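Here is the structure we will look at.
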Amino acid sequence: MQDKTGPYLLSAAIAVLSMIAYQVFTKKIPTDISPVVSVIGVYLVGLLLTCALVPFFVPRGELILHAQKIGWAQIAIGVAIVGIEIGFLLMYRHGWSLSTGYIMTSVAVNIALMFIGVLFFREQLTPVNLLGLLLCIVGVAMVGYKADA
């Protein structure tokens, strides 16, 4: 049996490092550029990079075969990604801090996904999961708490 630990951990590391870079660099985008034009620039770089990665992920001669499989999910993800890009860019421009903006939205997303997983994907929640949910809510309240100065 093949050990899948390496790819398993590497894929998570890529996601974590990329999300850190995403948040830091989104915070650094100058405020004098339109959010929409900024996102266009981001996607142009993303398009060039993903085109360069095609030979590593698509077997030779199968690009059209794979492109024909693009469907509603990719369209929905595209719409969602634009919302994520514009949303975080506007959050940072309107005063959210790097240290709290992402964690607040991330916990809200995780709570929503927990319920979506149970309702639509028949995932199971344990008492430990529910305790974790409670701790997330308490943690967000603590992170977002502003003491009177």
Side-chain angles (χ1 to χ4, degrees), residues 1-126 128-137 139-140 143-144:
M1 185 155 112
Q2 183 181 5
D3 180 23
K4 296 183 180 181
T5 305
Y8 183 80
L9 294 176
L10 179 62
S11 61
I14 290 169
V16 168
L17 293 173
S18 296
M19 186 54 78
I20 291 168
Y22 171 88
Q23 294 298 327
V24 169
F25 297 138
T26 298
K27 179 84 170 161
K28 298 296 286 177
I29 292 174
T31 58
D32 62 347
I33 184 173
S34 163
V36 174
V37 174
S38 177
V39 170
I40 290 170
V42 167
Y43 290 155
L44 286 173
V45 172
L47 177 63
L48 293 172
L49 179 58
T50 53
C51 285
L53 291 173
V54 165
F56 301 101
F57 289 90
V58 180
R60 184 178 212 105
E62 294 186 17
L63 180 60
I64 292 176
L65 174 70
H66 287 270
Q68 290 172 337
K69 295 178 182 181
I70 292 174
W72 70 267
Q74 288 85 3
I75 294 166
I77 292 169
V79 171
I81 289 173
V82 171
I84 292 167
E85 299 280 358
I86 298 293
F88 276 115
L89 186 55
L90 292 175
M91 280 177 60
Y92 292 137
R93 286 189 180 183
H94 292 293
W96 283 86
S97 70
L98 188 61
S99 60
T100 59
Y102 178 74
I103 196 165
M104 299 289 274
T105 57
S106 180
V107 169
V109 166
N110 285 307
I111 291 169
L113 288 176
M114 184 179 287
F115 289 109
I116 290 169
V118 169
L119 293 173
F120 297 105
F121 296 98
R122 296 189 173 127
E123 297 175 0
Q124 300 296 311
L125 291 181
T126 66
V128 172
N129 298 139
L130 294 173
L131 178 61
L133 176 65
L134 178 63
L135 290 173
C136 283
I137 294 168
V140 165
V143 166

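Predicted, not measured: the structure shown is a model, and the values here were computed from it.
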Please table the atom pairs, donor to acceptor, closer than 3.5 Å between any side-chain atom in residues 54-81 and protein atoms at least two apart or in another chain.
{"from": "Glu62", "atom 1": "OE1", "to": "His66", "atom 2": "NE2", "distance (Å)": "3.2"}
{"from": "Gln74", "atom 1": "OE1", "to": "Gly71", "atom 2": "N", "distance (Å)": "2.7"}

N/O donor-acceptor pairs under 3.5 Å from side chains in residues 11-30, not counting sequence neighbours:
{"from": "Ser11", "atom 1": "OG", "to": "Pro7", "atom 2": "O", "distance (Å)": "3.0"}
{"from": "Ser11", "atom 1": "OG", "to": "Tyr8", "atom 2": "O", "distance (Å)": "2.8"}
{"from": "Ser18", "atom 1": "OG", "to": "Ile14", "atom 2": "O", "distance (Å)": "2.8"}
{"from": "Tyr22", "atom 1": "OH", "to": "Glu85", "atom 2": "OE1", "distance (Å)": "3.4"}
{"from": "Gln23", "atom 1": "OE1", "to": "Tyr92", "atom 2": "OH", "distance (Å)": "2.3"}
{"from": "Thr26", "atom 1": "OG1", "to": "Tyr22", "atom 2": "O", "distance (Å)": "2.6"}
{"from": "Lys27", "atom 1": "NZ", "to": "Trp96", "atom 2": "O", "distance (Å)": "3.1"}

Can you give each donor-acceptor pair under 3.5 Å made by side-chain atoms of residues 102-119, sequence neighbours left out, with the distance rounded to 0.1 Å?
{"from": "Thr105", "atom 1": "OG1", "to": "Gly101", "atom 2": "O", "distance (Å)": "3.2"}
{"from": "Thr105", "atom 1": "OG1", "to": "Tyr102", "atom 2": "O", "distance (Å)": "3.0"}
{"from": "Ser106", "atom 1": "OG", "to": "Asn110", "atom 2": "ND2", "distance (Å)": "3.4"}
{"from": "Asn110", "atom 1": "ND2", "to": "Ser106", "atom 2": "O", "distance (Å)": "2.9"}

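For Thr5, the side chain to side chain contact (heavy atoms under 4.5 Å, CB included) test picks out Asp3, Leu9, with sequence neighbours left out. Under the rule for a side chain to side chain contact (heavy atoms under 4.5 Å, CB included), the partners of Ile40 that lie at least two apart in sequence or sit in another chain are Val36, Leu44. The side chain to side chain donor-acceptor pair (under 3.5 Å) search around Thr31 returns none, not counting sequence neighbours.
Here the side chains of Leu49 and Leu53 are in contact, with some heavy-atom distance below 4.5 Å.
Atom CG of residue Leu89 and atom NE2 of residue His94 lie 9.0 Å apart, to the nearest 0.5 angstrom.
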